[in-house]
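This report concerns only the one structure given below.
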Amino acid sequence: MSEMILDDQPQDDGTAVNQNPVERAAALLKERFPDAVTDDTRDGYTGLMVSADKLVEVATALRDDIGFDYLSSVTGVDQINDNKMEVVYHTYSIDQGGSGLVLHVQVDRDNPVLPSLTPIWPGADFQEREAWDLLGIHFDGHHDLRRILTWDGFAGHPLRKDWKEVFYEEDHKPFGSRWPGGEVFRAEEKTVYGKNVRYPEGWLPTGDEYDVETEMYTGITYTRDQQSGMKTDKLTVNMGPQHPSTHGVFRMVVTLDGETVIDLKPVMGYLHRNHEKIGERNTFIQNLPYTDRLDYLSSMSNNHGYVLAVEKLLGSTVPERAEWIRILMVELTRICNHMWALGFLLNDLGALQTPMLYFYLERELILDFFEEAAGSRMMCNYMRFGGVAYDLPDYVREQETISFLEELIYEHIPAVLDQGDGLMTNNEIVRARSIGVGILSREDAIAYSTAGPVLRASGAQYDVRRAEPYSYYESLDFDIPVRYNGDIYDRYLIRMDEMRQSLRILEQVLPHIKATKGAPIVDGKPQYAIRMPNAGESYGRVENPKGELGYYVTTRRRESNPDRYHVRAPSFINLTPLGKMCEGHKVADIVAILGSIDIVLGEVDR
């Protein structure tokens, strides 16, 4: 805990009775650090500007003395016109809920150095590494500052505004070759074969370029067993990317003492495609189908977070029917995701295929509905700024849509959840493999910035739908499930609980869907060539099936493309404590612990 106690808080004169937590926290920090903390006065921006040399003290006071104990998102921003690099921190209070306090820190672009916040919030670990990798921002004091999404020999920092890809055409779409003349060509056609890779300036192949990640393998030594006295070697091995449990694009560097895990470091980036750079090239609406491809099992929910962020910038009003349809889609997506997650978790525990297929049938019915509504089963591209793309279809599988949904929500899904409970929840093998394995305490779950089922299974009853409601969630009656052991078994149970709560929500949504039939589904006329009326920043966050999905978007006035587009990906951040969760367990447990986190690599790598 910090030694800094804010005992000299201003006396309550009656004016602070209704002060919300964010306003109170900002006032306390400005009073405590008058020379280092000021309001961010830029047009359309919120939060506080913090001096880099006081960042650690401010963050410590914010966590320990004011109660903003949850660092949700760390975003690097290239302010090239001002020759600055900026880091944006979104902090929240788990116990108080509400909106977040945003901290902005700016440093010189030519020497972007600021202190690491990993000693205060370990959840900053991967996010700071990402900012270093993609923007070249150096975090002093970070214990393992190296690239995370690109390989060690990558040339440059690809999210910088002056970095250009090999197939670069223009900064922003639509490209002149496509519009208005339609003189389309592929950039590859104008790149001579063999010149489609950029190497560091002056680089010559010597063989040393393959000598990478060496620091990850320095733990190979030997120990002596305390009971038998037998000398045992420590061994560092790679699990993945070819291992079936790592989806072909994820690797874990595991240091073992016999079969016992001593250390584990995740290695990712095999599926990285610079999603955020693409997002800054695209127009606002062009990004929607790209969000489908993050967590490709939850495309409806991905759309939802992004349109919320852009709607804040636009000042859009969403019609009532569109809001109810959005909630219908994202809660069905939550059930869809959790069925898939639990099926594969049980697969990882050794129950090959059968449990997954039990859940699979009802998931297929949900996808049938998505296909009829959006035209696609997985990459739905369904939501629009100010509403949704299409109204609900009249029929699904030759059955009236409302009748299909009632049968699905009141009969099919409850039956399969009861069946899953009966077959698997008390299964002795499931319990033996999962109870007491991969424990993450409540304190660590918050400190490591985990979200969603991982956070709630560790005893933190925090859900964005309740903490900072969006759409019509504040008017719906549902509980936030919580479990307290923080192990694999509780992460299994929490997802079962959440599917039942989603059914409660859907039962309340259906009458509104019926009552608003024929009502508008979009605010005014659908817009495609959008220009932002004002400059500013926006952070749209939703409670995705895997946790908080957030989109940080900045824009300049009258622009049709984001100036900064950043994704707070729950799959990526939830991997931060994986090593800690695996320590002391056996090799076979690693697969189960990873499965209980529930990641999708499209969202991890972006």
Side-chain angles (χ1 to χ4, degrees), residues 243-249 292-302 328-380 382 396-399 401 404-427 429-430 433-434 452-453 488-489 491-503 505-506 544-546 571 591-592 594-603:
H243 194 283
S245 72
T246 64
H247 309 264
V249 282
D292 290 332
R293 289 152 175 82
L294 292 167
D295 174 2
Y296 42 76
L297 300 179
S298 305
S299 75
M300 290 285 192
S301 305
N302 299 344
L328 171 72
M329 295 303 187
V330 298
E331 292 305 324
L332 284 173
T333 297
R334 193 177 317 278
I335 293 171
C336 207
N337 177 93
H338 286 352
M339 284 181 172
W340 200 241
L342 294 186
F344 275 107
L345 171 61
L346 292 158
N347 206 46
D348 291 336
L349 288 172
L352 296 177
Q353 303 301 330
T354 304
M356 184 188 73
L357 292 175
Y358 274 105
F359 287 129
Y360 195 87
L361 295 176
E362 270 56 41
R363 178 180 178 271
E364 284 295 296
L365 293 177
I366 296 173
L367 296 187
D368 287 341
F369 171 61
F370 287 171
E371 185 176 13
E372 289 291 341
S376 175
R377 300 175 72 78
M378 293 181 69
M379 308 302 162
C380 297
Y382 182 66
V396 180
R397 294 170 65 108
E398 300 181 351
Q399 184 178 356
T401 296
F404 176 87
L405 289 173
E406 287 175 337
E407 196 174 290
L408 181 67
I409 292 166
Y410 288 103
E411 297 176 25
H412 287 295
I413 296 176
V416 80
L417 294 184
D418 290 342
Q419 183 185 54
D421 256 343
L423 290 174
M424 290 167 282
T425 300
N426 290 310
N427 180 285
I429 299 175
V430 171
R433 289 293 311 278
S434 60
I488 293 176
Y489 192 63
R491 290 190 280 277
Y492 162 83
L493 292 175
I494 205 78
R495 291 184 175 96
M496 294 292 288
D497 296 340
E498 289 187 6
M499 285 191 280
R500 296 193 186 279
Q501 292 303 315
S502 288
L503 287 175
I505 292 171
L506 291 168
N544 247 36
K546 294 172 176 62
S571 291
V591 174
L594 178 64
S596 74
I597 294 175
D598 180 24
I599 62 169
V600 162
L601 271 301
E603 184 178 76

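What you see is a predicted model, and the numbers here were worked out from it, not measured in a lab. We count residues from 1, following the sequence as given.
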Give a yes or no on whether a salt bridge exists between [X] and [Y], defined as a side-chain N under 4.0 angstrom from a carboxylate O.
X: Asp368; Y: Arg363; value: no
X: Arg397; Y: Glu372; value: no
X: Arg495; Y: Glu498; value: no

Point-to-point distance, once rounded to the nearest 0.5 Å, from [atom1] of [X] to [atom2] of [Y]:
X: Leu493; Y: Tyr489; atom1: CG; atom2: OH; result: 5.0 Å
X: Ile505; Y: Leu332; atom1: CD1; atom2: CG; result: 11.0 Å
X: Arg433; Y: Asn427; atom1: CZ; atom2: CG; result: 11.5 Å
X: Leu417; Y: Met499; atom1: CG; atom2: CE; result: 5.0 Å
X: Leu365; Y: Leu408; atom1: CG; atom2: CG; result: 6.0 Å
X: Asp292; Y: Met378; atom1: CG; atom2: CE; result: 10.0 Å

I'd like to know if the side chain of [X] reaches the main chain of [Y], judged simply by a donor and an acceptor atom lying under 3.5 Å from each other, with no hydrogens or angles considered.
X: Ser299; Y: Cys380; value: yes
X: Asp295; Y: Leu297; value: yes
X: Glu603; Y: Ser571; value: yes

Count the heavy atoms belonging to other residues, nucleotides or ligands that lie under 6.0 Å from CG of Leu361, then report whether that count exceeds 12.
yes
Considering only heavy atoms from C-beta outward, does the side chain of [X] approach that of [Y] to under 4.5 Å?
X: Met329; Y: Phe370; answer: yes
X: Ile429; Y: Leu349; answer: no
X: Phe369; Y: Ile366; answer: no
X: Tyr410; Y: Leu503; answer: no
X: Glu364; Y: Arg377; answer: yes
X: Phe359; Y: Met424; answer: yes
X: Arg491; Y: Pro453; answer: no
X: Asn337; Y: Asp598; answer: yes

Quick one about Thr425 and Tyr492 (side-chain donor to acceptor, distance below 3.5 Å, no hydrogens or angles considered), yes or no?
yes
Regarding Asn302 and Ser298, is there a side-chain donor-to-acceptor distance under 3.5 Å anywhere?
no
Please report, to 0.1 Å, the donor-acceptor pairs under 3.5 Å made by any side chain of residues 340-348, with sequence neighbours excluded.
from	atom 1	to	atom 2	distance (Å)
Asn347	OD1	Gln353	N	2.7

Do you know the tightest heavy-atom contact between Tyr358 and Leu423?
CZ-CD1, 3.9 Å
